[in-house]
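What follows is one structure encoded as structure tokens, with my remarks underneath.
All values reported here derive from a predicted model rather than from experimental measurement.
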2 protein chains.
Amino acid sequence: MHQPLPVEIIDITAPHDRRVDDFRDLNSSTRRPDLTVLPGGRTGRGLVVAEGVSVVARMAGSRFSPHAFLGVDKRLSRLIGAGVLAAGPAAVPFYRVDPAVMEQIVGFHLNRGVLGVAHRPAPLTVAGVIDARVRTVVVLEGVNDHENIGSIFRNAAGLGVDAVIVGGGCADPLYRRSIRVSMGHVLRVPFASSREWPQDLGLLSDAGFTLVALTPDAGAVPLTEAVTEAKTAFLVGAEGPGLAEDTMRRCDVRAAIPMSRDTDSLNVATAAAIAFYERARR
Amino acid sequence: MHQPLPVEIIDITAPHDRRVDDFRDLNSSTRRPDLTVLPGGRTGRGLVVAEGVSVVARMAGSRFSPHAFLGVDKRLSRLIGAGVLAAGPAAVPFYRVDPAVMEQIVGFHLNRGVLGVAHRPAPLTVAGVIDARVRTVVVLEGVNDHENIGSIFRNAAGLGVDAVIVGGGCADPLYRRSIRVSMGHVLRVPFASSREWPQDLGLLSDAGFTLVALTPDAGAVPLTEAVTEAKTAFLVGAEGPGLAEDTMRRCDVRAAIPMSRDTDSLNVATAAAIAFYERARR
């Protein structure tokens, strides 16, 4: 259990108060605060936004240190009651609002009722997230759907995966929807974006990981046979195209989940969960 | 491979043509054709709507026999090329439209470009879907999210589950979004809605099924130990509340997927997929 994070409670009654600008227009395609790049190529703020009591609680104890909160009194009380927040000195502002004011700020009715916001910390490196204690990682390529990214982090957290490597062509895991779908585990499971893709896979091989490519290809080894007790990196690609052939060639084994006839591949996050489960049994 | 379904190609140029009323206003909360009950309690048409080439293809060979199609020429060509449809006598109408007309009929831009529509056939019964060949079924309780329902059908089809029993408190599997998320497998995997819930579970026990309740409860048996070679019915409940205690008591075993500390349960469709996978290995 972490110490409660001290917050200074500040009531906001005017929707246009500049102090809550980091929470404004969360769904606006041109102004939303979580985008790193805005339409037309301008640099966005790239803020990290947590929503709902449980996700805000996960943010509070994470490397994504919140610099402000916005929420209704009921959610503030729950966060204080759960020992996540506490009124105190040297405090982060908690902007307390009525539901109607919150709706005007955020731009829609957010029924989770509370938000936390953090600046992006310095990114972790691939070498940094595969330290000696790490036994299982998942490596993503071309996973460009924010819900799938979020689901993969949720499954990784639940099923004992130590870190995520975000390879080429992936969506931003710190997009608001990814964080929400992950139940906040994007903020907890260490991840690094590859700077040199797919060459960075060599770092995993050098560190003693067996690279297991997940593929629906019928010629692949059944997953049960492909997973061992060795340090393991699972590689998953987007539904449809799957992993690039060049990426597959860098892997030690191609593994398939046995599927029924006349069916498509599974959703990428579901396939990953099955691999994580198979791995956790070793 | 089925025989191609004969279609009569009819060009529609006026968006208000009455012949395409079954495809009109698909997102309208008050008029959409897939609802069985409209706001205010009026009876809806409850039509079964398939969208996109692969889902329409699954509908064409299913017990949900389409009585009309609407689509752009490109998708019609793909369906003919794939041997799903063919111009022929005694034919079902295929209403061919320009993309702009299709958008006006449907009410939004549907980039899958083709729709099929069927009347609901007589529902299957629980006793009917658990015939002698059936080895594995999944039973849903309180799964009231259309995407989760669709995902469960997709996972069932891919991982060797023979039938789905829809228990109390569940959403309609034939809602358009469920069919889409299932990749059309709602139309292929036999399912029956329980009329007497949870008493219908007795039909499964009487038929020799072992009833395995999936639960995140730490006191449950690990999934690996709970799954056997016997005929198996997996019971899954909604995220959050889970299965009702009365339902759990009717089960033979409570099974849990081992989870990391400080994580929530998995998404219900993901948990089900892992159970199906564990079962398929037997």
Problem set entry | side chain to side chain contact (heavy atoms under 4.5 Å, CB included) between B/Leu159 and A/Ile257, intermediate numbers included | CA-CA 9 Å; B/Leu159 295 164; A/Ile257 297 165; 3.8 Å; yes
Exercise. How far does CZ of B/Arg281 sit from OG1 of A/Thr224, to the nearest 0.5 angstrom?
Worked result: 5.0 Å
Seminar exercise, completed: Ranked by heavy-atom pairs below 4.5 Å to chain A, first place among B/Arg261, B/Arg58, B/Arg188 goes to B/Arg58
Problem set entry | Part of A/Ala280 within contact of chain B (heavy atom distance under 4.5 Å) | neither
Exercise. Which atom names give the shortest non-hydrogen contact between B/Gly160 and A/Ser260, and what distance separates them?
Worked result: N-OG, 3.0 Å
For this session: Please test B/Phe276 against A/Ile274 for side chain to side chain contact (heavy atoms under 4.5 Å, CB included), starting from the C-alpha separation and ending with a verdict.
Result: CA-CA 10 Å; B/Phe276 302 162; A/Ile274 289 173; over 6 Å; no
Exercise. Is the count of non-hydrogen atoms from other residues, nucleotides or ligands lying under 6.0 Å from B/Arg78 atom CZ greater than 12?
Worked result: no
Exercise. For the candidates B/Asn267, B/Leu266, B/Thr270, which exhibits the highest count of non-hydrogen atom pairs separated by less than 4.5 Å from chain A?
Worked result: B/Leu266
Exercise. Looking at A/Ser151, A/Ala271, A/Ser265, which has the largest count of heavy-atom pairs under 4.5 Å with chain B?
Worked result: A/Ser265
Problem set entry | chain B contacts, top residue of A/Ala273, A/Ser54, A/Ala157 (heavy-atom pairs, under 4.5 Å) | A/Ala157
Problem set entry | 4.5 Å side-chain heavy-atom contact, A/Glu278 and B/Glu278 | no
Exercise. What do the steps show when you test B/Arg154 against A/Glu239 for salt bridge (Lys or Arg N to Asp or Glu O under 4.0 Å), and what is the final call?
Worked result: CA-CA 14 Å; B/Arg154 180 181 179 184; A/Glu239 284 175 69; 3.0 Å; yes
